[in-house]
Amino acid sequence: MTFSLKGKTYIVMGVANKRSIAWGVARSLHNAGAQLIFTYGKERTEKSVRELAATLEGAEPLILQCDVTQDESIAQCFQTIKEQYGVIHGIAHSVAFANREELDGEFVDTSREGFLLAHNISSYSLTAVAKAAQDMMTEGGSIVTMTYLGGERVLPNYNIMGVAKASLEASVRYLASSLGKHNIRVNAISAGPIRTLSAKGIRDFNTILKKIEEEAPLRRTTTPEEVGDTALFLFSELSRGITGENIHVDSGYHILG
Ligand code: NDP
C-alpha cells in the first residue's frame, strides 16, 4: 500500500484562491499523481481556479461550475464529468457559506433565511454531491469534507456555521452508513483555523489564531498543506478501513478542555 493515487481521478470542490484549503488538498493529490477535476461556485471564481490549475505541472484539469444551491448546476456538472471520465475515485468537498451578519452577535438572533442558507450550502451540499457522484464511483470511492471544532462546541462568533457543521458531521456518519455497501467511504477533516477568504467573515480571527499558537499542543497554527496531506491519506488505500470518521488536523487544540 502506498500514497500513490496514479490512475485515479478526484473532484476538488471549493478552490477560490491560493489560500483555500481545497488548494492545499489539490496540491497534495497532484503530488501523489492523481488526476484532478475542479469545480467552483461563482462565475467570478473561474479565472482564479484556471490560473491556479495551470500551475500544476503536466496537468490540464477539467474545470466546471457547480453551484451547490442549484440542482440543475450539480446535475450538469456531474453529467459532464460522467461523459468525460466515466469513473471517479473521490470528492474533496470544501464548500461552506453563511451570511456575515449571522456570524456576529447573539446566536438566538439567527434568521430562518440565514439558518437555511448556511445549512443548504455548508451541509446539504455534501449529500447532494454524494448522490450525484455515487454511480460514478464503481471502483469504490472516498469523500472528504471540511469541518470545524465549532460543530462540536460553542465557540465565539461561529454561531450558525457551528450548527451547520454539526449537521455536516452527522451527514458524514449517515452517508458513510448509506454508501459503505458500495465501498464508498465518507469522512471529515476538522481543520484548525486557517486564514482564508471564508475566515475573513469571522470576527476576531487573529485572536483565535494567537490562542492556537499559545495553547495548542503543537504550539502552531494549521496549514492547508497539513490538511491536504491528511486528505491524501483519506483518499488513499492506506485509510481503507476508515469511514464515518472526523479527523482533527488542528495541532491538537481539540483535546484541550
Ligand atoms: P474559501 O473561501 O477559500 O473556500 C470556500 C469555498 O466555498 C469557495 O471556493 C466558494 O466558492 C465555495 N462556495 C460557497 N458557496 C458555494 C456555492 N453555492 N456553490 C459552490 N461553492 C460554493 O475558504 P476555506 O478554504 O477556509 O473553506 C473551505 C472549507 O473549510 C469550508 O467548509 C470551511 O468551513 C472549512 N473550514 C475552514 C477553516 C478555516 O479556518 N479557514 C477551518 C475549518 C474548516 P465561490 O466563492 O466560487 O462560491
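We count ligands from 1, going down the list as the structure has it; atoms in each ligand are counted the same way. No experiment lies behind these values; they were computed from the predicted model shown.
Residue K165 places a heavy atom less than 4.0 Å from ligand 1. For W23, the heavy-atom gap to ligand 1 stays at 4.0 angstrom or more. Within the structure, ligand 1 lacks S190 among the residues with a heavy atom less than 4.0 angstrom away.
Backbone and side-chain nitrogen or oxygen atoms of G41 are examined, and one is located within less than 3.5 angstrom of a nitrogen or oxygen of ligand 1.
Using a 4.0 Å cut-off to heavy atoms of D67, the atoms of ligand 1 that qualify are 17 (C), 18 (N), 19 (N). Those atoms of ligand 1 that come under 4.0 Å of a heavy atom in P193, given as number and element, are 40 (O). Residue T45 has at least one heavy-atom neighbour below 4.0 Å for each of these atoms of ligand 1: 45 (P), 46 (O), 47 (O). Atoms of ligand 1 found under 4.0 Å from any heavy atom of S20 (numbered from 1 in listed order, with element): 1 (P), 3 (O), 25 (O). Shown in contact with A16 at under 4.0 Å from a heavy atom are these atoms of ligand 1, numbered in order with element: 3 (O), 8 (C), 9 (O). Near I121, the atoms of ligand 1 lying under 4.0 angstrom from a non-hydrogen atom of the residue are 15 (N), 16 (C), 18 (N). Interface atoms of ligand 1 facing I194, defined by a heavy-atom separation under 4.0 Å, are 39 (C), 40 (O), 41 (N). Near T69, the atoms of ligand 1 lying under 4.0 angstrom from a non-hydrogen atom of the residue are 18 (N).
Distance check for atom 20 (C) of ligand 1: a protein heavy atom is found below 4.0 Å.
You'll find the side chain of E215 reaches within 4.5 Å of the side chain of L256, heavy atoms only.
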Practice task
Check the pair T222 / S251 against side chain to side chain contact (heavy atoms under 4.5 Å, CB included), numbers first and verdict last.
Solution key: CA-CA 6 Å; T222 303; S251 299; 4.2 Å; yes
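Using cut-offs of 30° and 60° for the angle between ring planes, the W23 and F38 rings count as tilted.
Using a 4.0 Å cut-off between a side-chain N of Lys or Arg and a carboxylate O of Asp or Glu, E51 and K18 do not qualify as a salt bridge. Using a 4.0 Å cut-off between a side-chain N of Lys or Arg and a carboxylate O of Asp or Glu, D135 and K82 qualify as a salt bridge. Between E214 and K210 there is a salt bridge, since at least one side-chain N of the basic residue sits less than 4.0 Å from a carboxylate O of the acidic one. The pair R219-E213 fails the salt-bridge criterion, with no side-chain N (NZ, NE, NH1 or NH2) lying under 4.0 Å from an Asp/Glu carboxylate O.
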